[in-house]
Amino acid sequence: MKQFLLLLTHFILIVATSFAAAPVTSDGDDGYRLWLKYEPVTIPAIKADYLKYSGFIGQSSNGETIGSASKELQRGMQQLLGKSISVVSSPGNRAGGIVFKLKSETADKQDHEGYQIQLSAGNIVISSESENGLLYGAFALLRRLQMQQPLKNLNIASRPKVQYRMLNHWDNVDGTIERGYAGSSLWKWYELPERVDPRYEDYARANASLGINGTVLNNVNASARFMSQEYIVKVAAIANVMRKYGIKTYLSVYFAAPKTLGGLTTSDPLDPKVRAWWTEKVAQIYKEIPDFGGFLVKANSEGEPGPQDYGRTHADGANMLAEAFKPYDGIVIWRAFVYKADPNADRFKAAYEEFVPLDGKFDPKVIVQVKNGPIDFQPREPFSPLFGNMPKTPLGMEFQITQEYLGFAAHAVYEAPLFKECLDSDTYVNGQGSTVAKVIDGSLHGYTKTLMAGVANTGSDRNWTGHPLAQANWYAFGRLSWDHQLSAEQIADEWTRLTLTRDQKARGHVVNMLLRSREIYVDYNTPLGLSRPWMGVHFAPEPWQSRGSRPDWTATYYHRADSTGLGFDRTTGGSNALAQYQLQVQKQWNNPDKTALPYLLWFHYVGWDKKLSTGKTLWGELCTRLYAGADSVLWMQKQWDLAKVNLDPEVYTNVAQRLKVQHREALWWRDAWVLYLQSFARQPVPAEFEAPKQTLEDVKKSVNVYLIR
Ligand code: BDP
């Protein structure tokens with residue numbers, strides 16, 4: 001089954017990306033440079049302003065990362081201002097340059113990677129307690145210059161709100177990427193360690209420019225092969241590049257590796273031989289990678305092995321690995337994405353039920369990584385009830401940047417509003433204002449370790465992300481992992497300026513479109529709180545799918561449509577999943593008349609004729625949203641066209657064509673839901689909309705094409 005799904009995913013990937021690569025012309029922007037384009041500054045006063053500080057770069061220590069910072073400044077100033085700048089190791093009292101200043105460390109860990117940029121004694125001074133901070137400061141200065149912002153009164157101080165800011169790659173040894181839609185893996189295992197692709201450095205630069213300081217190279221459905229010496233040296237070759245940009249390298253581990261790779265008879269975490277095996281393994285890794293970041297573990301989840309195979313708990317498993325890391329800086333990131341195949345259970349409740357009883361039982365080296373929602377990266381989910389309910393265990397956030405449920409690389413969906421919606425949700429655990437963001441940044445419970453991870457959307461496509469606008473999602477994730485208080489709009493505007501156009505009007509159109517894109521997607525894909533994590537293709541509509549190897553791997557399990565209504569009752573009358581939240585949150589969602597419409601069907605089974613707050617019946621409202629969503633893709637096309645003259649023609653055409661695909665597929669989704677739900681609701685499509693021209697059977701046939709091997 002797994003093999004088949006992998007093949008299927010691969011097939012879809014090919015289909016989804018076959019229209020991806022517009023030919024690259026010599027003068028077009030192929031997207032490779034991302035937001036680090038460094039195009040010449042066009043405002044003379046700004047140029048003159050910065051040129052005053054282009055005399056030299058003062059770099060008095062010679063670490064690798066500070067070296068990268070100088071190199072980046074040289075590259076940036078050369079391209080932005082047309083001036084080559086040399087690096088001096090002892091600037092003395094010279095003025096007219098950019099000076100790096102390494103300060104002594106304070107006890108506050110978060111300050112460690114922070115930076116200040118000020119004008120002082122005729123120089124631009126970038127100071128930090130760490131080389132990473134200096135690198136982040138250099139990128140921040142370059143960002144400012146790229147955005148043509150004046151230097152006057154320059155006084156910037158910034159520090160990360162979260163300690164571990166990382167990408168999770170779901171990349172496999174064979175070069176495929178689970179849920180990857182932008183080509184194959186960036187990591188070329190077959191040619192490593194001898195050949196180190198120069199692209200690794202550009203990857204590291206892009207991440208460092210956002211403040212990302214960690215990367216997990218391989219899929220959470222991990223191959224034990226990554227624990228072999230052969231692969232450890234390959235990983236070390238990549239880690240050598242990452243290190244220069246302040247990025248630590250991590251690996252996902254296969255929990256049963258002691259058995260499959262080590263030849264032991266068990267992988268029981270309480271078995272002394274197993275513990276010794278891991279201790280030795282970790283030591284072996286540190287020999288090759290002295291700054292190794294740690295392990296990411298998916299255990300007892302979707303068929304992966306884990307401690308429960310031996311009657312042990314998640315804490316037993318995680319703590320055993322933590323013990324192996326004791327002599328080192330590395331950490332263990334244990335995922336909370338678990339749900340058992342219980343036909344009577346509500347998958348929504350599973351992670352909470354398994355993990356909350358373990359609160360306080362994890363080693364201090366462990367962070368539990370929780371997906372933003374209780375199910376699985378849906379276009380809209382309520383926040384996971386784990387947030388706030390494990391005060392004694394550092395909980396990290398797992399967002400998905402790759403668009404598994406968001407239209408792959410064919411649909412433009414700007415994800416910052418989705419990320420922010422979760423981060424800004426109030427858990428009420430310590431009264432009003434106990435937001436998820438405060439859980440994640442540690443301020444609510446005083447976590448010693450804090451983490452935000454994003455499942456990467458990068459691949460071997462020349463433009464990294466397949467859809468040119470998907471770069472904005474990588475960018476937004478990185479910026480929010482540094483500062484979750486930035487707004488989705490501010491990030492969109494920044495990214496658009498750096499990547500697409502400096503023109504204010506054109507930017508306005510693009511930003512407008514980006515900001516609305518997620519809501520538009522939700523409208524034609526999963527309106528009013530529908531969800532659809534069934535086992536099929538995660539791309540095409542299949543609300544009729546009712547057979548699977550387990551009930552929660554069907555579509556009907558989630559939407560529960562029948563002749564009287566639709567939706568999943570999670571109130572006391574139903575699964576009572578709502579009880580996992582604080583009372584104030586329950587109040588928000590336990591009454592169908594008061595539940596905000598975007599969450600309605602997440603918590604309630606609602607009759608087809610029930611009048612909603614909009615004045616329409618459930619059926620009427622569903623139709624309205626599905627039609628409005630699909631039509632709004634035409635509005636997106638219009639916004640994009642309005643910006644055309646200020647966009648690179650290559651990028652313009654690439655996105656314009658994808659928006660056409662998006663519209664075609666939005667209609668597909670709309671028709672699938674309307675026709676399928678209509679077979680239960682037995683009502684006509686409201687008169688103001690044109691009824692679908694195809695039949696439900698037609699839609700099913702078109703979806704079945706995706707299932708053909
Ligand atoms: C689901 C994906 C699956 C992942 C799993 C996970 O469909 O490919 O392995 O999540 O996060 O969303 O472990």
Side-chain angles (χ1 to χ4, degrees), residues 1-13 16 166-174 176-182 185 216-223 226 250-255 295-306 308 314 317 333-341 347-348 350-351 354-355 368-381 384 386 396-408 415 418 422 451-457 459 525-526 531-540 542 545 548-550 552-555 557-558 706:
M1 183 66 179
K2 200 163 160 189
Q3 205 55 17
F4 167 63
L5 284 170
L6 271 178
L7 267 172
L8 191 66
T9 314
H10 200 57
F11 163 69
I12 296 158
L13 184 149
M166 48 205 299
L167 288 188
N168 290 180
H169 290 272
W170 286 359
D171 294 19
N172 300 311
V173 262
D174 63 1
T176 57
I177 305 178
E178 179 146 345
R179 314 303 177 188
Y181 314 109
S185 176
V216 184
L217 299 183
N218 63 319
N219 193 356
V220 285
N221 299 315
S223 162
F226 282 98
Y250 298 68
L251 287 173
S252 295
V253 295
Y254 183 64
F255 195 81
F295 288 160
L296 172 65
V297 195
K298 171 175 179 177
N300 293 122
S301 158
E302 300 189 326
E304 292 298 313
Q308 292 175 345
H314 286 289
I333 306 163
W334 194 270
R335 296 176 86 227
F337 179 64
V338 295
Y339 56 105
K340 298 232 165 63
R347 176 173 164 184
F348 190 113
E354 280 195 45
F355 277 84
V368 172
Q369 182 168 299
V370 183
K371 287 188 183 184
N372 57 294
I375 304 280
D376 192 8
F377 299 139
Q378 293 306 287
R380 168 167 279 120
E381 283 194 53
S384 164
L386 275 178
M397 173 65 78
E398 179 174 314
F399 283 129
Q400 191 179 45
I401 312 173
T402 190
Q403 293 174 233
E404 175 178 357
Y405 292 97
L406 295 173
F408 294 10
E415 293 166 338
L418 186 163
C422 176
L451 172 145
M452 201 190 283
V455 180
N457 62 350
N525 194 274
T526 44
S531 60
R532 55 176 187 94
W534 48 89
M535 267 321 267
V537 286
H538 292 193
F539 178 63
E542 286 179 281
Q545 189 229 347
S549 51
R550 42 190 284 179
D552 52 7
W553 285 355
T554 64
Y557 173 90
Y558 293 95
Y706 281 83

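We use all heavy atoms of the structure for the numbers below, so side chains are in, but hydrogens, waters and symmetry mates are not. Atoms within each ligand, like the ligands themselves, are counted from 1 in listed order.
Contact residues of ligand 1 (protein heavy atom closer than 4.0 angstrom to a ligand atom; sorted by chain and number): W170, E178, R179, V220, N221, K298, E302, R335, F337, K371, D376, E404, H538.
In this model, a donor atom of one side chain and an acceptor atom of the other lie less than 3.5 Å apart for Y339 and E302.
Aromatic rings from F408 and F539 are positioned such that their centres are separated by under 6.0 Å.
For K371, the side-chain hydrogen bond (donor to acceptor under 3.5 Å, both in side chains) test picks out D376, with sequence neighbours left out.
Side-chain N or O atoms of T402 include none that pairs as donor or acceptor with a backbone N or O of G180 at under 3.5 Å.
Between F355 and H314, the two ring planes are parallel [angle under 30°; tilted spans 30° to 60°].
Residues Q369 and M166 are not in side-chain contact: their nearest non-hydrogen atoms beyond the backbone lie 4.5 Å or more apart.
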